[in-house]
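Residue numbers start from 1 in every chain, and the chains themselves are labelled A, B, ... in the order their sequence lines are given, proteins ahead of strands.
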Amino acid sequence: EAGVTQFPSHSVIEKGQTVTLRCDPISGHDNLYWYRRVMGKEIKFLLHFVKESKQDESGMPNNRFLAERTGGTYSTLKVQPAELEDSGVYFCASSQLTRLNTEAFFGQGTRLTVV
Amino acid sequence: DAKTTQPPSMDCAEGRAANLPCNHSTISGNEYVYWYRQIHSQGPQYIIHGLKNNETNEMASLIITEDRKSSTLILPHATLRDTAVYYCSVEWAGGTSYGKLTFGQGTILTVHP
């Protein structure tokens with residue numbers, strides 16, 4: 001069974017450009033989460049999808065970040081325009097649609113560097 | 001959200017038990033304690049979780065104090081491959097924000113020969 005896959009694994013972009021990160025969750029997992037770690041900081045929650053709906057987007061830092069999950073399958077996280085402070089590692093995780101006792105499976109992450 | 005505090009680093013000899021503590025003194029009644037680890041540059045990996053009772057699986061044991069304000073992750077026979085950053089997290093199990101993990105700084109566990 002394939003795990004959570006993220007693409008690209010690394011991205012280097014210039015300030016002001018746009019970058020789109022993609023996450024493919026484990027098949028059948030309705031919960032999809034985005035997290036990120038910026039340099040020297042803790043891993044922080046960004047948002048949570050249940051199928052195609054945004055369940056909780058309280059962690060999204062500002063309106064330069066847009067997450068979508070069309071059809072409830074894969075998800076994209078777009079940063080537009082990117083700023084230097086957006087550099088970090090972006091993780092995606094998925095879990096089954098049960099509220100309790102869920103373990104989340106994380107992808108390898110996308111390392112974003114804004115120069 | 002409940003906060004967690006962990007020692008920044010710990011050492012353990014290979015083959016010995018590694019006991020990693022975590023304080024979560026503000027945990028609420030319906031928050032689970034989860035442990036994840038991150039090996040090198042990989043994504044976090046689930047280890048174990050619990051609510052009130054002690055738990056054991058093939059990877060580790062989780063001991064939660066009776067007042068639930070702290071817990072200990074036990075790796076019974078640490079190997080070199082267990083060298084990683086270990087995160088203690090609490091997860092809200094109710095409302096609309098379920099599954100939202102709160103990570104702290106974690107503990108860097110170094111297992112040496």
Colleague: How close do B:K100 and A:Y33 get, heavy atom to heavy atom, and via which atoms?
Modeller: N-CE2, 4.2 Å

Colleague: By side chain to side chain donor-acceptor pair (under 3.5 Å), which residues pair with B:R16, not counting sequence neighbours?
Modeller: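 Checked B:R16 against side chain to side chain donor-acceptor pair (under 3.5 Å); zero matches.
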
Colleague: State yes or no: do A:F91 and A:L47 share one hydrophobic cluster built from I, L, V, M, F, W and Y residues joined by side-chain heavy-atom distances below 4.5 Å, directly or via other members?
Modeller: no

Colleague: Out of curiosity, A:E103 CD to B:N57 CG, how far, rounded to the nearest 0.5 Å?
Modeller: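 Answer rounded to 0.5 Å: 9.0 Å.
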
Colleague: With a strict 4.5 Å heavy-atom criterion, list every residue of residues 35-43 of chain B that contacts chain A, or say none.
Modeller: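 So far as heavy atoms go, B:Y36, B:Q38, B:S41, B:Q42, B:G43 are the residues that approach chain A to under 4.5 Å.
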
Colleague: Please check if atom NZ in A:K41 has more than 12 non-hydrogen atoms from other residues, nucleotides or ligands closer than 6.0 Å.
Modeller: no

Colleague: Can you tell me which residue pairs pass the disulfide (SG to SG under 2.5 Å) test with a partner in residues 7-68 of chain B, sequence neighbours excluded?
Modeller: B:C22-B:C88

Colleague: Taking everything shown except B:H112 itself, do over 12 heavy atoms lie less than 6.0 Å from its NE2?
Modeller: yes

Colleague: Grouping I, L, V, M, F, W and Y whenever their side-chain heavy atoms are under 4.5 Å apart, do A:I43 and A:L112 come out in a common cluster?
Modeller: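 They do not share one cluster, since no chain of ILVMFWY contacts under 4.5 Å joins A:I43 to A:L112.
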
Colleague: Please check if A:V19 and A:M60 belong to a single hydrophobic cluster, counting links between Ile, Leu, Val, Met, Phe, Trp and Tyr side chain heavy atoms closer than 4.5 Å.
Modeller: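 Yes; A:M60 is reachable from A:V19 via cluster members.
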
Colleague: For each of A:C92, A:G109, A:A104, A:G107, tally heavy-atom pairs with chain B at distances under 4.5 Å, and name the one with the top tally.
Modeller: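 Between A:C92, A:G109, A:A104, A:G107, the count favours A:A104.
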
Colleague: Would a single hydrophobic cluster contain both B:L73 and B:M59, if residues Ile, Leu, Val, Met, Phe, Trp and Tyr are joined by side-chain heavy-atom contacts under 4.5 Å?
Modeller: yes

Colleague: Hydrophobic clusters here meaning ILVMFWY residues chained together by side-chain heavy-atom distances under 4.5 Å, can you tell me if A:F105 and A:L46 are in one?
Modeller: no

Colleague: Under the side chain to side chain contact (heavy atoms under 4.5 Å, CB included) rule, what do A:Y35 and B:L101 come out as? Steps first, then yes or no, please.
Modeller: CA-CA 9 Å; A:Y35 293 83; B:L101 294 167; 3.3 Å; yes

Colleague: Do other residues, nucleotides or ligands put more than 12 heavy atoms under 6.0 Å from the CD1 atom of B:I108?
Modeller: no

Colleague: For A:R111, look at atom CZ and say whether over 12 heavy atoms of other residues, nucleotides or ligands are found less than 6.0 Å away.
Modeller: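 It does not: A:R111 CZ has 12 such atoms or fewer within range.
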
Colleague: What part of A:V50 lies closer than 4.5 angstrom to a heavy atom of chain B: side chain, backbone, both or neither?
Modeller: side chain

Colleague: When only heavy atoms count and the cut-off is under 4.5 Å, which of residues 78-87 of chain B reach chain A?
Modeller: B:Y87

